[in-house]
Amino acid sequence: MTDPLRARNRLGVVFFPAFDWAISATHPEREERLLYTRDQLAEEGLFDIPGITEYRPELATNAQVERVHFCLPSTGAVVTDSHRASAGGAITAARLVMEKKEDKAFALVRPPGHHAMRVTHGNRGFCNINNEAVMVEYIRDHYPHPTGRPLRIAIVDTDVHHGDGSQDIFWNDPNTLFISLHQDGRTLYPGTGFPQECGGPGALGRTINIPLPPETSDEGYLYAIEHAVLPMLADFKPDLVINSAGQDNHFTDPLANMKLSAQGYAALNRALNPDIAVLEGGYAIRGALPYVNLGICLALAGLDAGDIREPQWRPESTRQKQKISDYIARLCDGLLELYHNPPSVPQEGEEENGWWTRRKHIFYDTDMLRESQRESWRLCPDCSGLGCFETSSERVARSLCLLIPRHACPRCRAEAEARAAAARKAGLHAHVLVLDGDAALKLAFGTSLVTGYWPVKLLRGGGELFLG
């Protein structure tokens, strides 16, 4: 019989509490957010259990951030060392699993990241850069599939808020299945995440939103996992499953209206069985996070979490109304049909001269910025298509960002070169950035060198910008 005090799955916990970073002294995303979690894990002796090991994060480099984001006006203006450590913690977690040093890994890090979009002008939803996306691109750069085919990665976001940043980044990526379970956007920030948002023209059906009604409890979340998420994962057959492990759907969280318990979180992770979990939100810093994080760790390690109980828990705390159960059952049936039979064109935007275009107005609620963006994807029969973003905000004048997808066809690559050259010549953009998905990232003497990448001049402000 297996020793109950020995982890059944070797677990690496990458811990970075960012005790030196806060949005403000009274903001929910402040220094002590993980202080009590740290105390709880130590008090319970988590790291004394054979098979559970604590790690420190590495720092993500600007070049690694730039594999995902167009940071405007510059990466240094958007990213602090705490953000680099948080994204680096996710990378460390990935390395532990991909190099088989651990079976599972949990990046218990802050600041969070799932509201950060492809283009980022600052902080919105407490997020500057997207930790999971930086990790995914690192995995694809460093651990390609042995057959040469694209890695198939599933991201299941269980934060109470819709993961609109992750959805935006992977919107047109056919090799990433993004599933977000969140409180219905009609009742909570950011007001998005509805079933009809199901992916871009090159990735229809690869975005799945499961908007759950307020007061959904353990029962409802576990039903959605069993009857919607797991069947989709079985069909998609991912090489890797990642959990964006937000904890603000706890019944005591001050920012939302859900009824999950610590045991519910543990059961959810047991059912989902992710390879890697990355912390996102969660703001009941004393009454929930210490217990939820302990439950997730035990579940990932394959250990029983049945004895965990929050101080404020009562049977009625997580009791779910029958009408909510009925609604979730109908929702899951419809979402399975949508996954298997997505619409023929995206429900957001329209076709314009061989490109699929959507116009977005993005509010950065922390930095009080308004961004206007025109996003277009070339409708290509040979790859997922070149992405073109024209963007401006109060902070940054009109700029052009071009995204060459992984496994791009020669025509999309040539179109990107031509558009970048034309923009440089015209001189009408403050910044012209090109991100080449197929570029091999190399580091030498602290400088990012990108194989096969051409330099794009920063048209105002001087200097050469290399982005790969």
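This chain uses plain numbering: 1 for the first residue, then up along the sequence.
- Exactly one of Arg406, Arg140, Arg152 qualifies for a salt bridge (charged side-chain N to carboxylate O under 4.0 Å, His left out) with Asp173. That residue is Arg140.
- In this structure, Pro211 and Leu331 approach most closely via the heavy-atom pair O-CD2, 3.3 Å.
- Minimum heavy-atom separation, Thr187 to Pro214: OG1-CG, 3.8 Å.
- For the atom pair Arg378 CZ and Cys412 SG, the distance stands at 4.0 Å (nearest 0.5 Å).
- Salt bridge Glu415/Arg419: present, at least one basic N to carboxylate O contact under 4.0 Å.
- In this structure, the side chains of Ile404 and Asp438 stay at 4.5 Å or more apart for every pair of heavy atoms.
- Using a cutoff of 4.0 Å between basic side-chain nitrogens and carboxylate oxygens, Arg358 and Glu197 are not scored as salt-bridged.
- Across every non-hydrogen atom of Gly165 and Asn130, the tightest pair is C-ND2, 3.8 Å.
- The backbone N or O of Ser261 sits less than 3.5 Å from a side-chain atom of Asp218, completing a donor-acceptor pair.
- Judged by distance alone, with hydrogens and angles left aside, the side-chain atoms of Asp157 form no donor-acceptor pair with the main-chain N or O of Gly246 at under 3.5 Å.
- For the pair Tyr189 (side chain) and Gly125 (backbone), a donor-acceptor distance under 3.5 Å is present.
- Ion pairing of Asp81 with Arg84 is present here, as a side-chain N (NZ or NE/NH1/NH2) and a carboxylate O approach within less than 4.0 Å.
- A donor-acceptor pair shorter than 3.5 Å can be found between the side chains of Ser325 and Gln320.
- When only modelled atom types and interatomic distance are considered, Glu66 and Thr75 share a side-chain donor-acceptor pair under 3.5 Å.
- Arg67 and Asp141 are joined by a salt bridge, as a carboxylate oxygen and a charged side-chain nitrogen come within less than 4.0 angstrom of each other.
- Counted by atom type alone, Asp164 and His162 present zero donor-acceptor pairs between their side chains at under 3.5 Å.
- In this structure a side-chain-to-backbone donor-acceptor pair under 3.5 Å is missing from Asp239 to Ile153.
- The shortest side-chain heavy-atom distance between His429 and Arg398 falls under the 4.5 Å cut-off.
- Listed for the Ser86 side chain is no donor-acceptor partner under 3.5 Å among the backbone atoms of Ser82.
- With no hydrogens or angles considered, a side-chain donor-acceptor pair links Thr391 and His121 at under 3.5 Å.
- A salt bridge links Glu58 with Arg95: the distance from a Lys NZ or Arg NE/NH1/NH2 to an Asp or Glu carboxylate oxygen falls below 4.0 Å.
- Residues passing the side chain to side chain contact (heavy atoms under 4.5 Å, CB included) test with Pro201 are Trp171, Asn172, Pro346, Trp356, Trp377, Leu379, sequence neighbours excluded.
- Of all the heavy atoms in Leu300 and Ala105, the pair that sits closest is CD1-O, 4.4 Å.
- Applying the 6.0 Å contact sphere to CG of Asp326 captures more than 12 heavy atoms from other residues, nucleotides or ligands.
- Of the candidates Val292, Thr318, Leu289, His250 forms a side chain to side chain contact (heavy atoms under 4.5 Å, CB included) with just one, namely Val292.
- Counting only heavy atoms from C-beta outward, the side chains of Asn243 and Thr158 approach each other to under 4.5 Å.
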